Amino acid sequence: MIEPRTLKGFRDHLPAQALARERVLDIARRVYRSYGFAPIDTPALEYLEILTGKGSEETDKQLYRFQDHGGRDVGMRFDLTVPFARFAAQHLHDLGLPFKRYHMATVWRGENTQRGRYREFMQCDFDTIGTTSPVADLEMLLVVHDLLAAIGVERFTIRVNDRRVLAGILARLGLAERATSVLRSLDKLGKATPEAVAAELAGQGVAADAGAALLEMAGLSGPADDVLMRLESLVGGVEAGQCGVKALRGIVAGARDAGVAEGRIVIDPSIARGLDYYTGIVLESFLDDLPALGSICSGGRYDDLAGLYTKQPLPGVGASLGIDRLLAGLEELGRAATVETPAEVFLVYFDEAHLGDYLRIAAALRAGGMAVEFFPEPKRMGQQLKLASKRGFPAALVIGSDEFAAGTAQLKNLAAQQSQTIDWHGDLRVLVDAVHSCLESMREGR
RNA sequence: GUGGCUGUAGCUCAGUUGGUUAGAGCAUCGGUUUGUGGUACCGAGGGUCGCGGGUUCGAGUCCCGUCAGCCACCCCA
C-alpha cells in the first residue's frame, strides 16, 4: 500500500472548500470584466532565464526549478507578474496599448509554510500597462474595493500610499541611498512596536532625529485629508514627494467621486511593499478582524514592467488578490460556506416504476436553469433526505406514486424543515415554474 | 532557509511514575417492520498510536532521525 499524502504546503480541496474558492473566482472574474480587463493565460513552466534575476534573490531561492526531459533548465512560475512581463514583451504587437488583462492561476514558491501561506496557491492578478494616467491608478483601487465588497467581506480596509512620498521624505532626511533597508524596517510597523523599529533604524546608522521623523511619518493616521496635509509638510520642498502627495489627493478625491464609502480607504504612510519595482501608488488590503493574516490584495504602480525583455517602456499598475489567503481567513472567521453541493434541487428517487418520469422532470428543471441532482438509487427516502440535508441542498423534490396519481409534488425547504405542495397536473412547465419561484423566495428568505 | 511548539480512530481529545487485548464524544454506516430528513434508542465498522530507527524483559508513554501542521524570523498572497 502506498500512503496517500500530499507535499508540504500543497493541499487538496474538498467540495466545501472548492465551492467557496470557485465562488470567489467567479466574483473576481466578474469584477475584472466589469472594468474591461481581458483574460489571458500563460504556461506554468517557463525557461529558467525568464524567471530568475527578476524579483529579488529571495524569489530565486524559492523557485521550483529542474531540467525537463529535453535537458532544458525550466522553472515554475512564482507569480503572475513576471510571466506577464514576458507575455507583454512577446505579444506587444498584437495587444495594443493601453492593455488591460486579468490572470487567475496557480503559482508555486518553495518557502516555509504557515497559516495562509502555502507552496502552491492561486493569484488573481489584474494590470493595466502602457499608460501612466492617474485614472489607471484610481481604477486599480476601485477594482480592489469592488472585489472585496462583492466577496462579502464586511470589514476590510485598503491602505494606500505612494512610493514617491516615501522617497521625498527619505531624500529630505538624506537617506535616499539607504531607501530599501529603511523601508523594509518601516514596513514592520504593523507587527513590531515603534520602539523596536526605531532601534532597528538606529542599528542601520540612521540618526535619531531622522528616525523619529520617519516614525512620525509612518505613524500618521486619521482622516485622509489630515494625513495628506501632514505629509505635505513632512515632504517639504522635495519635488517627488510633492508629486506623491498630489497623486494621493487625486486618488482620495476620485474614490469619493466613484462612491467609495469613507473609511474603507486609508492613507497609510507606512505601507512600502517589499518589492522594489513599485514606483508610485502602492496599496495593501486587510481583513479588519484578522489583520495578522497579512495583506490579501496588494498592488501598485511600476515604471517598467518588461525592461528585461523589451526596449519598449511599459509602465503599468495592477494588483493581485491572494485567494487562498483570503479563504484561509474567511474559514478562520467562520465565514466560509459549508455547502457541499453546487446543485439547488435534490430529486428523491422514490418509485422505481417512475424512473422515466424522474428523468423527464430532472431534464425539464435543468432546461429551466436549475441544477438538479437525481439520487441514483431508490433507497429509503429518509436516507436520501438526510444526505440532501447534510450536503446543503436548499430544496428537495419528493414525487412518489401518490403524487404522480394526484398530479402533485412535494417541495421541501430543507433548511427550514418546511414542505409545500405543488399542483402541476402532469404539466412539466407548471412544475418547473413553481419550483423556480419557490427557490427564488427561499433565496430571498435567507 | 533558521529557530521553537505540536502529531493517539474522519474530527476533538483521554490514556496513570514505560507493563497484558489503546478508550470516549462527535462523525460515518446499518437498524428501530417496508412512503419523509437535523431529535431519541439499538448495533456495527474504523487506530501499523504520523513514519523509521534506538534504549528496555517490555514504549502511545524515554532518545534520535524524518515527514507534516502551527508560530517567530525572512519574505510575501
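Naming: A, B, ... by sequence-line order, numbering from 1 per chain. What you see is a predicted model, and the numbers here were worked out from it, not measured in a lab.
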Review point. Just checking, is any N or O donor in the side chain of A:D423 or A:T408 under 3.5 Å from an acceptor N or O on the other one?
Key: no
Check your understanding: When all nucleic acid strands are considered with a 4.0 Å heavy-atom cut-off, which category describes A:G110: base, sugar-phosphate, or nothing?
Key -> nothing
**Study point:** Per-nucleotide protein contact string for nucleotides 30-37 of chain B (B base, S sugar-phosphate only, - none; heavy atom under 4.0 Å)
**Key:** SS---BBB
Check your understanding: Which residue, A:K8 or A:L326, contacts RNA chain B at a nucleotide closer to its 5' end, judged by nearest heavy atom?
Key ->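 Its nearest nucleotide being more 5', the pick is A:K8.
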**Study point:** Nucleotide B:rG38, atom P - distance to CD of A:Q384 in whole Å
**Key:**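 Those two atoms, CD and P, are 15 Å apart.
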Practice item. To the nearest 0.5 angstrom, please state how far the CG atom of A:L80 sits from the CZ atom of A:R101. Key: 6.5 Å
Check your understanding: Taking only residues two or more places apart in sequence or in another chain, which ones pass side-chain hydrogen bond (donor to acceptor under 3.5 Å, both in side chains) with A:R380?
Key ->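 Checked A:R380 against side-chain hydrogen bond (donor to acceptor under 3.5 Å, both in side chains); zero matches.
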**Study point:** Value in whole Å for how far the P atom of B:rG69 lies from CZ of A:R115
**Key:** 15 Å
Review point. Has the side chain of A:E111 got a donor or acceptor atom sitting under 3.5 Å from an opposite partner on the base of B:rA77?
Key: yes
Review point. To the nearest Å, how far apart are A:F10 CZ and B:rG69 C1'?
Key: 16 Å
Point to revise | Paired and unpaired positions of RNA chain B as dot-bracket, Watson-Crick or G-U wobble under 3.5 Å, | denoting a partner strand | key: (((((((..((((.....[...)))).(((((.......))))).....(((((..]....))))))))))))....
Point to revise | Length of the line joining A:Q114:CD and B:rC75:C1', which is rounded to integer Å | key: 10 Å
Practice item. Please report, rounded to the nearest Å, how far the P atom of B:rC70 is from the CZ atom of A:R117. Key: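 About 11 Å, once rounded to whole Å.
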Practice item. For A:D357, enumerate each residue passing the salt bridge (charged side-chain N to carboxylate O under 4.0 Å, His left out) test, keeping only those at least two apart in sequence or located in another chain. Key: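 A:R360.
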Point to revise | Spacing of A:Y64 atom OH relative to B:rG1 atom C1', expressed in whole Å | key: 13 Å
Practice item. Run the ring-centre check on A:F374 versus A:Y349 and record whether the distance is less than 6.0 Å. Key: yes
Check your understanding: Distance check: side-chain N/O of A:T113 vs OP1/OP2 of B:rC70, anything under 4.0 Å?
Key ->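 Result: yes.
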Check your understanding: With a non-hydrogen cut-off below 4.0 angstrom, is A:D324 in contact with a base, only sugar-phosphate, or nothing?
Key ->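 The residue A:D324 makes no contact with any strand.
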**Study point:** Base B:rC75 to side chain A:R109, donor-acceptor N/O within 3.5 Å cut-off
**Key:**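 When only heavy-atom distances are counted, A:R109 does not reach the base of B:rC75 through any donor-acceptor pair under 3.5 Å.
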Review point. Distance between the C1' atoms of B:rG45 and B:rU16, in whole angstroms?
Key: 30 Å
Review point. Expressed in angstrom and rounded to an integer, what is the separation of A:L7 atom CG from B:rC51 atom C1'?
Key: 15 Å
Exercise for review: Nearest whole angstrom, please: distance from the P of B:rC71 to the CG of A:L290.
Suggested key: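 So the CG-P distance, A:L290 to B:rC71, works out to 10 Å.
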**Study point:** Residue list, side-chain hydrogen bond (donor to acceptor under 3.5 Å, both in side chains) with A:E22, at least two apart or on another chain
**Key:**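 Applying side-chain hydrogen bond (donor to acceptor under 3.5 Å, both in side chains) to A:E22 gives none.
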Exercise for review: Report the residues that fulfil side-chain hydrogen bond (donor to acceptor under 3.5 Å, both in side chains) with A:Q17, sequence neighbours left out, ordered by chain and then residue number.
Suggested key: none
Check your understanding: Say you pick atom P in B:rG25 and the same atom in B:rC41; how far apart are they, in whole Å?
Key ->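 The same atom, P, in both gives a distance of 11 Å.
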Review point. Taking only residues two or more places apart in sequence, or in another chain, which ones meet A:R159 in a salt bridge (charged side-chain N to carboxylate O under 4.0 Å, His left out)?
Key: A:D268
Listed pairs under 3.5 Å, donor-acceptor, residues 388-407 of chain A side chains, sequence neighbours left out:
residue: A:E403; atom: OE1; partner: A:G400; partner atom: N; Å: 2.9
residue: A:E403; atom: OE2; partner: A:Q410; partner atom: NE2; Å: 3.3

Review point. Relative to the 5' end of RNA chain B, which residue comes earlier, A:M122 or A:R11, by the nucleotide with the nearest heavy atom?
Key: A:R11
Quick one: side chains of residues 319-331 of chain A, donor-acceptor pairs under 3.5 Å with protein atoms, not counting sequence neighbours, listed by atom name and distance.
residue: A:S320; atom: OG; partner: A:D125; partner atom: OD1; Å: 2.6
residue: A:D324; atom: OD1; partner: A:R11; partner atom: NH2; Å: 2.9
residue: A:D324; atom: OD1; partner: A:R21; partner atom: NH1; Å: 2.4
residue: A:D324; atom: OD2; partner: A:M122; partner atom: N; Å: 2.5
residue: A:R325; atom: NE; partner: A:G116; partner atom: O; Å: 3.4
residue: A:R325; atom: NH1; partner: A:S295; partner atom: O; Å: 3.1

Point to revise | All side-chain contact (heavy atoms from CB on, under 4.5 Å) counterparts of A:V430, not counting sequence neighbours | key: A:W424, A:D427
Exercise for review: Would you mind classifying the nucleic acid contact of A:G9 as base, sugar-phosphate or nothing, using non-hydrogen atoms under 4.0 angstrom?
Suggested key: sugar-phosphate
Point to revise | Heavy-atom check, side chain of A:L387 versus side chain of A:F375, under 4.5 Å | key: yes
Listed pairs, N/O of protein and of nucleotides 7-12 of chain B, under 3.5 Å:
none

**Study point:** For A:Y35, all residues meeting side-chain hydrogen bond (donor to acceptor under 3.5 Å, both in side chains), sequence neighbours excluded
**Key:** A:D146
Exercise for review: Decide yes or no, distance alone: a donor-acceptor N/O pair under 3.5 angstrom between the base of B:rC76 and the side-chain of A:R325.
Suggested key: yes
